[in-house]
Amino acid sequence: MTEAPALTPYLTVADARAAVDFYRRAFGAVELGRQETPDRRKVIRVALSINGALVMLSDDFPELTGRPVSPQALGGSPVTMHLNVPDVDAFFARAVAEGATVTLPLADAFWGDRFGKLRDPFGHHWSVATPVRTVTREELEKSARERLPAHA
């Protein structure tokens with residue numbers, strides 16, 4: 001395994017092998033290391049490099065945690081991981097082609113990014129963006145007031 005940075009997302013999934021395969025195909029992940037159970041039925045942990053960042057994941061182990069804790073078992077996840085990528089349109093299209101679900105279609109966002117959201121087949125949420133223009137603080141505040149009037 002690789003040395004982890006100070007903060008590393010650690011995802012629990014219902015099928016770690018399938019998740020690694022999805023992240024490799026859809027997100028361009030590179031596997032850095034893997035540890036499996038002695039019987040090779042489950043993945044204890046796997047380190048992936050996704051967009052230059054370390055992401056860890058493992059199979060769900062309800063026998064250790066007392067209950068299943070994957071997003072699918074819990075009915076979803078409140079957490080979103082964010083990726084800035086050079087070409088969000090290409091990234092988004094590849095992820096959807098590989099099985100990700102669009103939860104917010106790509107659009108030019110008021111804060112200057114081309115931005116969209118996906119849910120991967122394992123229940124984890126991802127936002128992806130490419131900066132497309134620089135927005136001043138004044139433009140950002142004005143746009144936020146116009147688009148979020150309940151919070152103005």
Side-chain angles (χ1 to χ4, degrees), residues 1-34 43-61 65 67-152:
M1 293 286 170
T2 185
E3 186 175 323
L7 179 65
T8 302
Y10 200 117
L11 311 178
T12 300
V13 295
D15 184 342
R17 285 182 187 84
V20 168
D21 191 43
F22 169 81
Y23 295 132
R24 188 178 295 132
R25 290 186 332 267
F27 293 4
V30 175
E31 185 172 327
L32 304 174
R34 178 187 298 225
V43 174
I44 296 170
R45 67 181 176 160
V46 62
L48 301 174
S49 175
I50 297 178
N51 197 36
L54 181 66
V55 176
M56 305 286 286
L57 67 91
S58 71
D59 275 306
D60 202 353
F61 282 89
T65 59
R67 64 188 175 94
V69 295
S70 73
Q72 292 159 321
L74 297 174
S77 172
V79 176
T80 299
M81 275 127 336
H82 180 77
L83 296 170
N84 279 320
V85 298
D87 184 348
V88 72
D89 289 277
F91 185 97
F92 214 78
R94 185 177 67 233
V96 171
E98 293 296 341
T101 302
V102 175
T103 58
L104 181 67
L106 278 175
D108 291 340
F110 70 86
W111 55 85
D113 289 350
R114 183 140 175 83
F115 178 86
K117 290 185 176 184
L118 303 162
R119 183 178 57 249
D120 69 35
F122 308 93
H124 292 284
H125 299 277
W126 300 82
S127 61
V128 291
T130 297
V132 291
R133 66 184 181 90
T134 302
V135 180
T136 67
R137 170 88 124 189
E138 293 77 24
E139 290 173 309
L140 184 60
E141 289 175 3
K142 180 179 183 274
S143 294
R145 279 192 303 275
E146 291 169 354
R147 288 169 177 82
L148 304 168
H151 299 280

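We count residues from 1, following the sequence as given.
- Pairs engaging residues 111-132 under the salt bridge (charged side-chain N to carboxylate O under 4.0 Å, His left out) rule: Asp89-Arg114, Asp108-Arg114 [sequence neighbours left out].
- Under the side chain to side chain donor-acceptor pair (under 3.5 Å) criterion, Thr136 pairs with Glu139, sequence neighbours left out.
- Listed by first and then second residue, the salt bridge (charged side-chain N to carboxylate O under 4.0 Å, His left out) pairs that reach into residues 129-138 are Arg137-Glu141, sequence neighbours excluded.
- Pro121 meets the side-chain contact (heavy atoms from CB on, under 4.5 Å) test with Phe22; sequence neighbours excluded.
- A search for side-chain contact (heavy atoms from CB on, under 4.5 Å) contacts involving Ala14 returns Ser70, Gln72, not counting sequence neighbours.
- Inter-residue side-chain proximity for Leu11 and Met81 is flagged as met; some heavy-atom pair is nearer than 4.5 Å.
- Glu31 is linked by a side-chain contact (heavy atoms from CB on, under 4.5 Å) to Val20, Arg24, Arg34, Val46, Leu48, counting only residues two or more places apart in sequence or in another chain.
- Counting heavy atoms from C-beta on, the side chains of Thr103 and Leu118 never come closer than 4.5 Å.
- What you find for Pro9 and Leu54 is that their closest heavy atoms are CD-O, 3.5 Å.
- For Ser58 against Tyr10, the heavy-atom pair with the smallest separation is OG-CE2, 3.7 Å.
- Contacts classified as ring-ring contact (aromatic ring centres under 6.0 Å, His included) and involving residues 67-109 (residues at least two apart or in different chains) are given here: Phe27-Phe91.
- Side-chain atoms of Ser77 never come within 3.5 Å of backbone atoms of Pro71 as a donor-acceptor pair (strictly under, hydrogens ignored).
- In this structure Phe61 satisfies the side-chain contact (heavy atoms from CB on, under 4.5 Å) test together with Thr37, Lys42, Ile44, Asp59, Glu63, Leu64, sequence neighbours excluded.
- Among all heavy-atom pairs drawn from Thr130 and Pro86, the shortest one is CG2-O, 3.4 Å.
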Could you walk me through whether Phe115 and Ser127 satisfy the side-chain contact (heavy atoms from CB on, under 4.5 Å) test, starting with their C-alpha distance in whole Å, then the side-chain angles of each, then the deciding distance to 0.1 Å, before giving a yes or no? CA-CA 7 Å; Phe115 178 86; Ser127 61; 3.6 Å; yes
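- Here the side chains of Val135 and Trp111 are not in contact, with every heavy-atom distance at 4.5 Å or above.
- Inter-residue side-chain proximity for Tyr23 and Leu57 is flagged as met; some heavy-atom pair is nearer than 4.5 Å.
- Among residue pairs with one or both ends in residues 12-22, those qualifying as side-chain hydrogen bond (donor to acceptor under 3.5 Å, both in side chains) are Arg17-Glu36, Asp21-Arg25; sequence neighbours excluded.
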